[in-house]
Amino acid sequence: MPDIAHRPRVVIVGCGFGGLEATRALARADVDITLIDRTNHHLFQPLLYQVATAGLAAPAISAPIRHILRRQIAAGRLTVLLAEVQDIDAARRQVRLDDGTRVPYDHLIVAAGATHGYFGHDEWARHAPGLKTLADAFELRNRVLKAFEHAERHPGQREEWLTFAVIGGGPTGVEMAGTMAEIAHHTLHDEFRHIDSRQARVVLIEGADRVLGALPPDLSRRAQAQLERLGVEVRTGCRVTHVDAQGVTAQVQGQEAPWRLHARTVVWAAGVAASPLGRALHATTGVALDRAGRVVVEPDLGIAGHPEIQVIGDLAAAKSHPRDGEPTPVPGVSPAAKQMGRHAAANLQRRLRGEPAQPFRYVDYGSLATIGRKAAVAQVELPLLGELRLSGYPAWVFWLFVHIYFLIGFRNRLMVLVDWAWAYWTFQRHARVVVEAPPAASPSQEDGS
Ligand SMILES: Cc1cc2nc3c(=O)[nH]c(=O)nc-3n(C[C@H](O)[C@H](O)[C@H](O)COP(=O)(O)OP(=O)(O)OC[C@H]3O[C@@H](n4cnc5c(N)ncnc54)[C@H](O)[C@@H]3O)c2cc1C
């Protein structure tokens, strides 16, 4: 049995895409790893909107961290802790947990991801929850399903309960809006006596002049056309200036008077902010943060003056360093987090061997966004063939198989495949269970209902 006292101690904070990949990549290294996450599960965030819109149950897109990493735990190289890291002390090389415990490290990989950003208006959060965790997805699912129930019960408030606003026309906003329109037009249409769910309005509000701004303009146009076919009203050039329990106010490009939408259900998909651990790292190392609070890392993903700390995934403002050409910013997507996880693990092992760390290079395989049933857009980089752009049904089938392929675990893949096949033929969404949140958790729906 090797003496663990002599092994370098590696602490990894966060078991999302980046942290999980780093842990796996270090599986055979002669190090002692402590992986800390504040949840007991790894979450496949790209399918979180399916839980929020009642298409999938939570276990289909999440798996217990201990189960995923059981072999590394059994091999005696990995300790998994369910705890929140609240602070980092770079001078003493320790992280502090929520119960005050301090965990020492020789090498630290911080992969704590991002959270919602409300552009300085945190008071909007209670009226317009975002989608980042399973708890967020349950909250949104409750709000969407209960809105139809309120409309059935309160004839005088039908219009506002049947109006749904989604703020932000990025991939999450587009997915949410498209699927909510599907629920209104297909899933629920014959289940209410006093309302016609097909009269619900789903309004997607985007500040820029097109949705899916990260994709080429022709794919944005095709995405908007597909959204409109599903019954979504798309409002581009519309910058939200206020959100309250009754709806949304926005400034429309070229118009002086503000535009007001009365909507009792508002979804926030507009902004992200880095994990607060970015500020903790700034306080303890002096590292620069960008406007979203992300840690500005060195080309090798380390922190200037602290090569023993690496920051990866959505928390890092990292650049890709191609062999020839200028460095380019790395996007906040799961393939980038996974690649950074593997790179951080490789650099850590290089350092242990006394070799220099290598700069990070991101390999971009393209972008995908689903819009709803049989509707998606995709831009894919194929080896030898170059760029391929798909839209509509072929893009949707491609999206479906890519997401099933990348899900963790055979059981999860099978569950998702069966659920989607069922939903495809029946239009039903089987996870339509409302679990009551404590009253304080959904204030905007409690007011005046
Ligand atoms: C709704 C949604 C849809 C998305 N869709 C796509 C998509 O279709 N394609 C795509 O490529 N990307 C998508 N993304 C982005 C992608 O999920 C992220 O880029 C990726 O998850 C980043 O990985 P990460 O490891 O940096 O962070 P995360 O995966 O967010 O993991 C962070 C982990 O750290 C833990 N943690 C945070 N703070 C602490 C703390 N203080 N102490 C302990 N643990 C902590 C969290 O519990 C979590 O497990 C989506 C994101 C969201 C929210």
Side-chain angles (χ1 to χ4, degrees), residues 11-23 34-53 61-65 68 80-88 95-98 103 109-117 129-137 140 166 168 170-176 179 212 214 267-269 271-281 294-295 301 311-318 330-342 344 362 364-371 376-378 399 402-403 406 408:
V11 169
I12 300 176
V13 182
C15 188
F17 286 103
L20 178 61
E21 207 65 18
T23 309
T34 303
L35 172 63
I36 309 170
D37 200 294
R38 63 182 173 199
T39 70
N40 79 331
H41 53 268
H42 170 79
L43 178 63
F44 192 79
Q45 290 172 10
L47 288 181
L48 200 50
Y49 83 98
Q50 283 283 345
V51 176
T53 54
I61 64 155
S62 54
I65 295 169
I68 301 171
V80 174
L81 298 181
L82 172 61
E84 183 165 31
V85 172
Q86 290 193 331
D87 204 2
I88 297 166
V95 299
R96 181 167 58 77
L97 308 186
D98 41 9
V103 182
I109 298 177
V110 189
T115 176
H116 318 295
L131 187 58
K132 187 72 194 164
T133 63
L134 279 176
D136 296 337
L140 279 175
V166 179
T172 302
V174 164
E175 284 164 353
M176 281 299 297
T179 315
L212 299 178
V267 179
W268 183 261
V272 287
S275 150
L277 286 185
R279 284 199 302 277
L281 281 166
R294 295 180 309 162
V295 177
L301 306 178
V311 185
I312 61 171
D314 283 3
L315 179 56
V330 178
V333 292
S334 54
K338 288 165 93 170
Q339 291 177 32
M340 283 192 243
R342 287 194 290 272
Y362 171 54
D364 186 355
Y365 296 105
S367 304
L368 279 168
T370 182
I371 296 154
V377 286
W399 172 90
V402 165
H403 282 72
F406 282 112
I408 295 269

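Keep in mind that the numbers below use all heavy atoms, side chains included, and drop hydrogens, waters and symmetry copies. Whatever order the structure lists ligands and atoms in, that order sets their numbers, starting from 1.
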Colleague: Working to the nearest 0.5 angstrom, can you tell me the gap between Glu21 CD and Ile312 CD1?
Modeller: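 Answer for the CD-CD1 pair, Glu21 versus Ile312, is 9.0 Å.
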Colleague: Name all residues meeting the side chain to side chain contact (heavy atoms under 4.5 Å, CB included) criterion together with Ala52; count only those two or more places apart in sequence or in a different chain, and write none if there are none.
Modeller: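 Checked Ala52 against side chain to side chain contact (heavy atoms under 4.5 Å, CB included); matches are Leu131, Ala137, Leu140, Met176.
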Colleague: Protein residues near ligand 1, heavy-atom distance below 4.0 Å?
Modeller: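 Contacting ligand 1 under 4.0 Å are Gly14, Cys15, Gly16, Phe17, Gly18, Ile36, Asp37, Arg38, Thr39, Gln45, Pro46, Ala83, Glu84, Val85, Ala111, Ala112, Gly113, Leu131, Lys132, Thr172, Leu277, Gly313, Asp314, Gly332, Val333, Ser334, Pro335, Ala337, His403.
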Colleague: Identify, with sequence neighbours excluded, every residue that meets side chain to side chain contact (heavy atoms under 4.5 Å, CB included) alongside Ala378.
Modeller: Leu368, Val380, Leu390, Ala395, Phe398
Colleague: Apply the side chain to side chain contact (heavy atoms under 4.5 Å, CB included) test between Ile65 and each candidate in Leu81, Leu82, Leu35; give the one that qualifies.
Modeller: Leu35
Colleague: Under the side-chain contact (heavy atoms from CB on, under 4.5 Å) criterion, do Asp314 and Val272 qualify, and how do the steps go?
Modeller: CA-CA 9 Å; Asp314 283 3; Val272 287; over 6 Å; no
Colleague: Go through the structure and list residues passing side-chain hydrogen bond (donor to acceptor under 3.5 Å, both in side chains) with His41, not counting sequence neighbours.
Modeller: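 His41 satisfies side-chain hydrogen bond (donor to acceptor under 3.5 Å, both in side chains) with no other residue.
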